[in-house]
Amino acid sequence: MTSTDRRAEPGHDVRQPGRWLALSVLVLAVLLVAVDATVLGLATPFLSEDLKPSGPQLLWIGDIYSFVIAGLLVSMGSLGDRIGRKRLLLCGAVAFGAVSVLNAYASSPEMMIFARALLGVAGATLMPSTLALIRNIFHDPRERSLAVGIWGAAASAGAAVGPVVGGFLLENFWWGSVFLINLPVMAVLVLVGIKLLPESRDPNPGPWDVVSVLLSLVGMVAIVYAVKEAAANGFGLEIAGVAAVGVLALVWFVRRQLTLDSPLLDIRLFHHRGFSGAVLADLLTILGLSGLVFFLSQFLQLVQGRSPLEAGLIELPAAVGAVGAGLAGGPAAPPGAGGRPGARGRGAGGAAGPAAALGPPRGSVRSAVAVGLAAVGAALAACVAITADTGVIALGIALFVGGLGAGLAFTVTADVILSSVPKEQAGAASAVSETAYELGAALGIALLGSVVTGIYRGFEAPAGLPAGVSEEAHDSLGGAVESAARLPAEQAAPMLSAARDAFTDGFQTAAAVGSTVLFATAVAAWFLLRGQRLEEGLEHP
């Protein structure tokens, strides 16, 4: 039976009872995973003081979580298609809660990096399962657009809500509390999810190819590591070797998928211009927003001297903008005339399905995505002028605009990706969308962070500093603040001033780079998404 036949089965368009309550459980999961990607930003100064990581270790603590998720999402999405998305989601939720305890009580930088990597493994089981279940719970395209909008609002806002949650916890508890908050949330998710979530899977999944899983993980992590290290330390022989391993692994992965009867990822999806454009927009939208939020958290605390809670509240407009735009994102983009190419009718008896009866287009997919990308780029461009004296109102406006753009672009592209495949492939398609999201988050911290770190390390420390103090101060701004507390005032003040100025210069430069990339992507999305309609479907060549 073909996917078109399945869609034409009687009862396909029957609306499942309790679907909106089920959606609330899925939103809870995606919100928590998104929050966990950025909540650590505010805790960075406290981690620096307690665990004393080096500059590179600090970057790895910040981005290893997203690296591992990005490397495993395709594999986990495919695994959910095979063993059941509900089962994978609930098992992942239990693991996520358990590993959060390990993160909270990490006692060294190495242990923290390892614990964050394990948390990434658990997180990779959650994200594709949520979006795939939405695809299978909401059959009506209009309802599904709204559901994806709510899901997208949670995913986009999570990055901005993280600093607020973290700020509150850090004002009242120790830094490990930002991880322990996961436990009650995951308990609710499991208990409610068991009752409300329907199980779904691909009825004819084929075997799960372990070789492809390893190739995907090795290729993704190696490439991102090479890019990160090259940006921070220059391109050397060792980095070239790692990059070559990553490229070879990904090439092998692609070639293997084209020969397997049941691939982890259907590479032919990328032959569709709209699908590829949506994935690219996903990646770079989150790259800009996550990099902005991660380093702005440190700027607000270590340069402007604000408390963690105050810094989190200043970043709240990004969450407000993301939620509003996410909820409006579905209605902003037009539905198509319905169906995959060649499928004239969607309902039983050949009657046109709901996608055909949605009415005239209400907007343009490419307009929504291009405007969203440009808005994130504008927010980053505004940060080029940021200084230690920049006020709350200016920061709030920039963050609100960035949140609006991210929520709009991410929600519309997620709906494009999700509506482009038959529901049996929902897990794999969702994993592509989530891989772009998590890879964008990792690259936002790694690439923009490498720019910030490279410029910061070049600052001139006052003469006469002890060698160990100078080295610690050049490792990270948190190290400079901590080491200044051990110096006489006549040495501490000029050192801190130089360190803060260097961090600000690095942040401004990274913002300029990020804004240029986002504006260029907005132009590219305008052409790549030309004529794209939701529920358009794909035709494999």
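Everything numeric here is computed off the predicted structure, so don't read it as measured data.
- Residues A379 and A398 come closest through the heavy atom pair CB-O, 3.2 Å.
- Across all their heavy atoms, T125 and A122 have their closest contact at OG1-O, 2.6 Å.
- The shortest side-chain heavy-atom distance between V279 and L283 does not fall under the 4.5 Å cut-off.
- Q304 places a side-chain heavy atom less than 4.5 Å from the side chain of T390.
- Listed by chain and residue number, F299 satisfy the ring-ring contact (aromatic ring centres under 6.0 Å, His included) test with F507 (two or more places apart in sequence, or in another chain).
- Residues G405 and V376 share a closest heavy-atom pair of C-CG2, 3.8 Å.
- Among residues two or more places apart in sequence or in another chain, the ring-ring contact (aromatic ring centres under 6.0 Å, His included) test is passed with W252 by none.
- Counting heavy atoms from C-beta on, the side chains of P184 and V188 never come closer than 4.5 Å.
- A 4.5 Å side-chain heavy-atom check between F253 and D209 finds every atom pair outside the cut-off.
- In this structure, Q508 contributes its side chain and I386 its backbone to a donor-acceptor pair below 3.5 Å.
- Annotation for E110: atom CD counts as buried by contact number, over 12 foreign heavy atoms lying within 6.0 Å.
- Looking only at side-chain heavy atoms (C-beta outward), V517 and L380 stay at 4.5 Å or farther from each other.
- If you take CG on N103 and CH2 on W175, they are separated by 8.0 Å, rounding to the nearest 0.5 Å.
- Here CG of L373 is found 6.0 Å from OG1 of T521. Values are rounded to the nearest 0.5 Å.
- Remark: side-chain polar atoms of S216 are not paired, donor with acceptor, to backbone N or O of V213 under 3.5 angstrom.
- With rounding to the nearest 0.5 Å, the separation of CZ in F179 from CG in L119 is 7.0 Å.
- Distance check: L72 CG to L217 CG gives 5.0 Å after rounding to the nearest 0.5 Å.
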Validation: residues 87-100 side-chain donor-acceptor distances under 3.5 Å, sequence neighbours left out:
from, atom 1, to, atom 2, distance (Å)
S100, OG, F96, O, 2.7
S100, OG, N182, ND2, 2.8

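- Applying the 6.0 Å contact sphere to CZ of F114 captures no more than 12 heavy atoms from other residues, nucleotides or ligands.
- Considering CG of L408 and OG1 of T413, their distance stands at 9.0 Å, rounded to 0.5 Å.
- Taking every heavy atom of both residues into account, M111 and A106 meet most closely at SD-CA, 3.7 Å.
- Atoms CG and CE, from L102 and M112 in turn, are 9.0 Å apart once rounded to the nearest 0.5 Å.
- Nearest heavy atoms, Y456 versus F459: O-CD2, 3.0 Å.
- Residues C383 and A511 approach most closely at CB-CB, 3.8 Å, considering heavy atoms.
- Residues F503 and V452 are in side-chain contact: their nearest non-hydrogen atoms beyond the backbone lie under 4.5 Å apart.
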